[in-house]
Amino acid sequence: MSWLARIEEACAGFIERAFANMFPSDVEPAQIARKLVATMEAGTQSTESRALTAPHAYAVYVHPSDYERLRPHRAYLEEEWAALLNEVAQRVGISFAQPPAVQLREAGDAVLGAIGIDVLDEPVPAKPQPIVLRMVKGMPADGRYPVLRELRVGRSSESDIFLVDPSVSRMHATLELDGDRVVVRDAGSTNGTFVNGERVHVHTLQPGDRVAFGKTEMAVEAQEPA
């Protein structure tokens, strides 16, 4: 199998796993993934020892409207795009000076729907560990919920965090990503959303906080590295 064929095979399989279910009607994340791989391929160089090396840091630029639509999923997308670059590189024998990293950025002069990608010379700051909500009071007793994208919290079985608690509204709250911050937003619930005992409508969560949806309470923790 040729080098390009192995890249395409890796792309197709990874994109199907990472983006097809979450973005069934929005093709941009998959388009960005393919363009990132093409940019990595174009920047790949052969050393004197014939080893293949490629830039490790990339910035993806999109129109502000596209950025706002993708922003709630930004941490997930950046992580998956970087994982794709790493998987493709391993398949074809490309190495990086550092683990691959991708940043999604908005560009005021970008065309709506267009994608721009630059190789970054400056180091990419290390990402903070994702926040995890750990069940303290409620069901399921062993519940742990990493916040890698926007999550809906409620008593509806369609919720991302499904809580079996009559004090919880069917659509109780959302957990949103604002850059590297996690924001809890009450959705007009009957019994309220509380952080450290205080009822809130919108609040930025920090490790150590306690967040309650009705009578269900969770601890906010930083996820430990794997």
Side-chain angles (χ1 to χ4, degrees), residues 11 14-40 55-88 96 98-120 122-133 144-153 159-161 173-185 187 202-207 209 211 220-226:
C11 259
F14 194 97
I15 287 169
E16 179 68 24
R17 296 196 307 272
F19 306 124
N21 292 331
M22 185 176 292
F23 303 95
S25 60
D26 293 336
V27 296
E28 290 88 341
Q31 288 178 335
I32 291 169
R34 291 185 181 279
K35 193 162 185 178
L36 277 165
V37 171
T39 303
M40 178 188 73
H56 77 279
Y58 302 83
V60 176
Y61 294 96
V62 295
H63 186 275
S65 295
D66 290 325
Y67 180 83
E68 276 304 305
R69 184 163 44 78
L70 297 175
R71 181 179 57 80
H73 311 284
R74 177 184 165 191
Y76 171 83
L77 290 171
E78 290 177 341
E79 182 176 333
E80 292 299 326
W81 287 327
L84 169 62
L85 294 178
N86 192 56
E87 181 170 317
V88 171
F96 302 102
Q98 299 179 33
V102 180
Q103 290 184 342
L104 178 64
R105 299 178 178 180
E106 61 179 321
D109 57 350
V111 176
L112 186 64
I115 302 163
I117 296 180
D118 283 345
V119 173
L120 297 178
E122 72 270 20
V124 176
K127 289 184 177 295
Q129 292 301 316
I131 277 180
V132 175
L133 269 60
R144 289 179 62 85
Y145 307 98
V147 187
L148 302 177
R149 58 182 177 86
E150 182 172 317
L151 300 176
R152 297 168 297 173
V153 182
S159 299
D160 300 297
I161 299 180
T174 57
L175 297 164
E176 304 170 359
L177 291 177
D178 182 8
D180 296 325
R181 304 182 304 166
V182 174
V183 176
V184 61
R185 185 184 302 274
V202 179
H203 189 89
T204 299
L205 297 176
Q206 301 290 341
D209 286 343
V211 58
V220 180
E221 301 176 345
Q223 180 169 291
E224 297 182 0

Margin query: Quick one: does any side-chain atom of Arg181 pair with a main-chain N or O of Leu205 as donor and acceptor, under 3.5 Å?
Written below: no

Notebook entry, point to check: Atom CG of Leu70 and atom CD of Glu106: how far apart are they, to the nearest 0.5 Å?
Noted result: 11.5 Å

Margin query: I want to check something: taking the side chain as every heavy atom from C-beta on, are Val182 and Thr204 in contact at a cut-off of under 4.5 Å?
Written below: no

Next item on the list: Answer yes or no: is there an ion pair linking Glu221 with Arg144, defined by an N-O contact shorter than 4.0 Å?
Entry: yes

Check: If every non-hydrogen atom of Pro99 is compared with every non-hydrogen atom of His56, which pair is closest and at what distance?
Finding: O-CD2, 3.6 Å

Margin query: Do Ile32 and Trp81 have side chains that approach each other closer than 4.5 Å (heavy atoms only, starting at C-beta)?
Written below: yes

Notebook entry, point to check: Out of curiosity, His63 NE2 to Arg69 CZ, how far, rounded to the nearest 0.5 Å?
Noted result: 11.5 Å

Next item on the list: For Met40 and Val88, run side chain to side chain contact (heavy atoms under 4.5 Å, CB included): C-alpha distance rounded to whole Å, both residues' side-chain angles, the deciding distance at 0.1 Å, then the answer.
Entry: CA-CA 10 Å; Met40 178 188 73; Val88 171; 3.8 Å; yes

Next item on the list: Taking all non-hydrogen atoms of both residues into account, name the closest pair between Ala107 and Pro64 and its distance.
Entry: O-CD, 3.3 Å

Item checked: CD on Glu80 to NE2 on His73, rounded to 0.5 Å -> 13.0 Å

Check: Got a donor-acceptor contact below 3.5 angstrom from the Lys35 side chain to the Ile115 backbone?
Finding: yes

Notebook entry, point to check: Is any side-chain heavy atom of Leu85 closer than 4.5 Å to a side-chain heavy atom of Val102?
Noted result: yes

Item checked: Gln103 side-chain N/O to Tyr58 backbone N/O, donor-acceptor pair under 3.5 Å -> no

Checklist line | side chain to side chain contact (heavy atoms under 4.5 Å, CB included) evaluation trace for Leu84 with Val37 | finding: CA-CA 8 Å; Leu84 169 62; Val37 171; 3.8 Å; yes

Item checked: Validation row: Leu177, Arg74 side chains within 4.5 angstrom (heavy atoms) -> no

Checklist line | Thr174 side, atom OG1; Leu151 side, atom CG - distance, nearest 0.5 Å | finding: 9.0 Å

Next item on the list: Quick one: do Val184 and Val202 satisfy side chain to side chain contact (heavy atoms under 4.5 Å, CB included)? Show the steps, please.
Entry: CA-CA 6 Å; Val184 61; Val202 179; over 6 Å; no

Item checked: Smallest separation among heavy atoms of Ala114 and Asp66, with atom names -> N-OD2, 4.5 Å

Next item on the list: Take Val211 and Val220 through the test side chain to side chain contact (heavy atoms under 4.5 Å, CB included) and record every step on the way to the result.
Entry: CA-CA 7 Å; Val211 58; Val220 180; 4.0 Å; yes

Notebook entry, point to check: Do the non-hydrogen side-chain atoms of Tyr61 and Asp118 ever get within less than 4.5 Å of each other?
Noted result: yes

Notebook entry, point to check: Are any non-hydrogen side-chain atoms of Arg149 and Asp160 less than 4.5 angstrom apart?
Noted result: yes

Checklist line | Non-hydrogen side-chain atoms of Val153 and Leu175 separated by less than 4.5 Å | finding: yes

